[in-house]
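Reading through the structure tokens given below for one structure.
The sequence lines fix the lettering, A, B, ..., with proteins before strands; numbering per chain opens at 1.
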Amino acid sequence: MSVFALVDCNNFYASCEKLFRPDLRHAPLIVLSNNDGCVVARSKEAKALGIKMGVPVHKIKAQIQQHGIQVFSSNYALYGDISHRVMQTLESLAPAVEVYSIDEAFLDLTGVANAVGLTEFGLHVRATVQQHVGMTVCVGIAPSKTLAKLANHAAKQYPATRGVVDLTDPARQKKLLSLMPVSEVWGVGRKLSERLNALGITTALQLAEQNPKDIRRRFSVVLERTVRELNGESCLPLEDITPTKQQILCSRSFGQRVTHYSDMHAAINSYVARAAEKLRHEQQHCQRLSVYIRTGLFNPNDPRYSNSASLRLDYPTDDTRVLLHAAGRLLQGIWKEGYRYAKAGITLSDFYDRGVTQPDLFIQPNSNPRSARLMHTLDCINQHQRGRVFFASQGTGNAWAMNRNYLSPSYTTHWQALPKVTSKKSSNQKRPFEI
DNA sequence: TCTGGGGTCCTAGGACCC
DNA sequence: TCTGGGGTCCTAGGACCC
């Protein structure tokens, strides 16, 4: 029988911010989405104050003032680095690890139960990550990924579990399933919950008791798998080899509304340059590019407009210049003067491995050998500090740049931002923090 | 005044093939 | 008068995830 563990960091972004600010250890703290728009992470103190996930920050200004809630912009350089450290620790503990997201991983524990108790193993994982990285994690253990997710949820919800729930026993599975609303099940979102509730299926157990074939007919093959997984039948294998990406997106909301074509053009070109950089990092070429722009969604007085356009390139490429040219043509086709634009983005798709190209009978592929060298040089120069070298069409203005007004230092990834350690003696000096 | 970003997978429907 | 069946490929859109 397979055994999976799901290891998930508690309040990940909020915990990362606290790592280097011991003075804020017990403070309510929230992290905002890009552009300082919504709340995307909350410390347990902030949760206790009733701050909801996803709420626009301007709607909770009074609470922030009243309770002295600490506010941070998203600092992905920091979160990415801490995540990497957590994953490295997990890889030292388990035979196979699937990094599922920035703050969680599945471990393959098949066979581990022969050597050591599963709960004991979970507690060891928890203690080791705490010691190595200072991050608190919860561990859910079960015969399928979907059940492991649910076990993890329980480990978070009930402190008496000490952060580890072993759900390999079918009787325990049944009990937990009966306590969980169906909306908590992995793969059951808002729409599916509504449809299931309408059929009288409100708990995870009720979903587990459905006939899989029936569910497939009325819903989809995806939900059928969920039903099977809830019954302990593993349908989703551990994917410990990261599959190649199928698309790369780069999109941003603007710090201020964009009204000039030149600003939009510069923004789009910057996104294209960033996406092309990611594409080369994946060692892929792409043949499809799409561009979209839109106005704000929430101001009833502003006229709304949104549009997108895409095209297929003559041959797959990873040359930023080719993509910039194509993006310019697409933007011209959808740009309309007179609107206040709030957001834009681009998508690269239709990927091919480098050198694996089906040539067209009539079109000569661009075999310019300088292209690859130029892009490689560009990436090398920008490796440690993004944007040292860039294309003129990305512009130098930042009229459209996103707001990040509460950004913490990149403690672990920039030399200049390393935390300072000061002695008590110099306590009359200004100390940002102590370690 | 102010509401995120980056992904995956599945399905339906149309165009096309013999 | 009566006008099939089986299949592929592509795209757009929707649902889900963190």
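Each of A/Asp350, A/Thr244, A/Asp353 was checked for a side chain to side chain donor-acceptor pair (under 3.5 Å) with A/Gln284, and the lone residue meeting it is A/Asp353.
Taking only side-chain nitrogens and oxygens, A/Arg288 never comes nearer than 4.0 Å to OP1 or OP2 of C/dC10. Taking side-chain N and O atoms only, A/Ser33 has no distance below 4.0 Å to OP1 or OP2 of B/dT3. Put simply, A/Gln256 has no side-chain N or O that comes within less than 4.0 Å of OP1 or OP2 on B/dT1. Using a 4.0 Å cut-off, no side-chain N or O of A/Ser220 falls inside it from OP1 or OP2 of C/dA15. Put simply, A/Lys343 has no side-chain N or O that comes within less than 4.0 Å of OP1 or OP2 on B/dT3. The shortest distance between the side-chain N/O atoms of A/Arg225 and the OP1/OP2 oxygens of B/dC9 is not below 4.0 Å.
Counting any heavy atom pair closer than 4.0 Å across all strands shown, A/Arg257 reaches sugar-phosphate atoms only and no base atom. At the heavy-atom level, A/Val185 lies under 4.0 Å from the strands shown only through sugar-phosphate atoms. At a threshold of 4.0 angstrom between heavy atoms, the contacts of A/Val57 with the nucleic acid are absent. Residue-level contact check: A/Arg195 touches neither bases nor backbone, having no heavy atom under 4.0 Å from any strand. As judged by a 4.0 angstrom heavy-atom cut-off over every strand, A/Asn403 is placed among residues making no nucleic acid contact. Using a 4.0 Å heavy-atom cutoff across all strands shown, A/Leu32 reaches no nucleic acid atom at all. Contact annotation for A/Val55: no contact, since no heavy-atom pair falls under 4.0 Å across all strands.
Between the P atom of B/dT8 and the CG atom of A/Leu236 lies a distance of 16 Å, rounded to the nearest Å. One interatomic measurement links the two molecules: CD1 of A/Ile215 to P of B/dC10, which rounds to 17 Å at whole-angstrom precision. Atom pair A/Leu249:CG and B/dT8:C1' shows a separation of 11 Å (rounding to whole Å applied). The NZ-P distance, from A/Lys149 to C/dC18, rounds to 4 Å in whole Å. Between the CG atom of A/Leu192 and the P atom of B/dC10 there is a distance of 14 Å, given to the nearest Å. In this structure, A/Ile102 places its CD1 atom 14 Å from P of C/dC18, rounding to the nearest Å. For A/Leu223 and C/dC16, the CG to P distance is 10 Å, given to the nearest whole Å. Rounded to whole angstrom, the span from the NZ atom of A/Lys145 across to the P atom of B/dC9 amounts to 11 Å.
Closest-nucleotide positions on DNA chain B for A/Arg340 and A/Val222 were compared, and the one nearer the 5' end corresponds to A/Arg340. Both A/Glu239 and A/Lys278 sit near DNA chain B, but only A/Lys278 has its closest nucleotide nearer the 5' end.
A salt bridge does not link A/Arg225 to A/Glu233: none of the charged side-chain nitrogens sits closer than 4.0 Å to a carboxylate oxygen.
Looking at every heavy atom in both residues, A/Thr110 comes nearest to A/Ser2 through OG1-CA, 3.5 Å.
Partners of A/Asn405 by side-chain contact (heavy atoms from CB on, under 4.5 Å), not counting sequence neighbours, listed by chain and number: A/Asp36, A/Asn403.
B/dT8 and C/dA15 make up a base pair, with Watson-Crick or G-U wobble contacts both under 3.5 Å.
The A/Lys191 side chain lies nearest to C/dC16 when the options are C/dC16, B/dC10, C/dC18. Of the listed nucleotides (B/dC2, C/dC18, B/dT11), B/dT11 has the atom at the smallest distance from the side chain of A/Val221. In this structure, of B/dC2, B/dG6, B/dT3, it is B/dC2 that holds the atom nearest to the side chain of A/Lys61. Out of B/dT3, B/dG7, B/dG4, the shortest distance to the side chain of A/Lys245 is found at B/dG7. Of the candidates B/dC10, B/dG7, B/dG5, the closest approach to any side-chain atom of A/Gln247 belongs to B/dG7. For A/Ile248, counting side-chain heavy atoms from C-beta on, the closest listed nucleotide (B/dT3, C/dC18, B/dG7) is B/dG7.
Inspection of the A/Thr136 and A/Gln130 side chains reveals an N or O donor paired with an N or O acceptor under 3.5 Å. A/Lys18 and A/Asn11 share no donor-acceptor pair across their side chains, judged by distance under 3.5 Å alone. For A/Ser144 and A/Arg228, the side-chain atoms include no donor-acceptor pair closer than 3.5 Å.
Lacking a ring centre under 5.5 Å from that of the base six-membered ring together with a plane angle below 30°, A/Trp186 does not count as stacked on C/dC17.
The P atoms of B/dT3 and C/dC18 are separated by 25 Å, rounded to the nearest whole Å.
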